[in-house]
S.K.: 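Here it is: the structure, laid out below.
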Amino acid sequence: MSWPAPVRLTPRVTLVGSGTLGFGLTDAHDSHVYLLDGGTDAVLLDAGCGLAADRIAANVRAVLGARPVSRILLTHAHADHAGGAAELARLLGATVHALAPAAAIVAAADEDASGLRTARRAGVYPPHLHPPAVPVHPLDAPRLGVGALTVEVHPTPGHAAGHACFSYRDAGARALFSGDLVFARGRVAVLATPDTDLGELAASLRAVRDLAADVLLPGHGAPVLRDAHTHLDAAVGHLDRGALPPGLLP
Ligand SMILES: [Zn+2]
């Protein structure tokens with residue numbers, strides 16, 4: 001069977017990688033990988049696990065042609081999001097960026113800190129998945145330019161150390177790349193890892209709710225292309241009732 005084509009979600013955003021918790025475009029273990037096209041510049045949001053980096057790069061080229069991707073922005077260091085950073089950086093000629101705590105984990109290929117060693121032992125990832133180290137630039141500015149767009153960086157710990165969400169406004173609408181902080185219908189992903197912090201998760205959910213996003217582009221599952229704030233309100237509604245929002249996985 002041939003590979004599925006990349007999926008255009010908005011005039012600026014195309015899904016170029018996605019695993020079994022998503023659209024099945026690329027390797028089963030890949031998070032969503034989004035291509036954000038600002039016109040004269042383009043970036044990737046997350047990198048997948050690395051087992052289908054060539055397929056993701058081909059999807060990027062199918063969208064951009066010869067135009068380059070300058071940067072790969074990582075939401076966090078978990079292997080399904082960051083494992084492909086080294087190979088995609090090489091294939092695309094891009095640099096890799098993450099908030100400092102996540103940047104240190106990915107740069108060192110620290111499989112204990114990223115949770116990969118434990119997840120691999122639990123059968124979440126195949127035994128041969130060992131993402132290589134790659135230079136990662138710490139994101140230390142609150143916003144960055146991507147061609148005609150301004151992307152805001154939102155430190156949002158809770159699901160993982162150094163987790164970031166990213167947002168931009170275009171044509172009057174705000175789109176939010178939420179990583180693994182929050183998913184459609186206000187779902188969350190709470191892992192039994194030492195860097196999961198429920199207090200931080202709640203504060204991060206409230207902070208991104210206040211962005212009043214129109215479009216929600218999460219790390220897994222369905223994107224929300226209209227009225228995304230109602231999904232974020234649902235998550236915060238659970239917090240207001242003293243409960244954690246329901247999990248992404250049953
Ligand atoms: Zn994660």
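Note that the coordinates shown come from a computational prediction; the quantities given were computed from them, not determined experimentally. As the structure lists them, so they are numbered: ligands from 1, and atoms in each ligand from 1. Scope of the values below: all heavy atoms of this structure, side chains included, with no hydrogens, waters or symmetry mates.
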S.K.: Would His137 and Arg71 count as having a side-chain donor-acceptor pair, cut-off 3.5 Å?
M.R.: no
S.K.: Answer yes or no for His159: is there an N/O/S atom below the 2.8 Å cut-off from the Zn ion (ligand 1)?
M.R.: yes
S.K.: Quick check: do Arg67 and Asp37 have side-chain heavy atoms less than 4.5 Å from each other?
M.R.: yes
S.K.: Any ion pair linking Glu152 and Arg169 (charged N to carboxylate O, less than 4.0 Å)?
M.R.: no
S.K.: Any idea which N/O/S atom from Asp180 gets closest to the Zn ion (ligand 1)?
M.R.: OD2
S.K.: Taking the N/O/S atoms of His78 one by one, which is nearest to the Zn ion (ligand 1)?
M.R.: ND1
S.K.: Considering only heavy atoms from C-beta outward, does the side chain of Asp227 approach that of Asp214 to under 4.5 Å?
M.R.: no
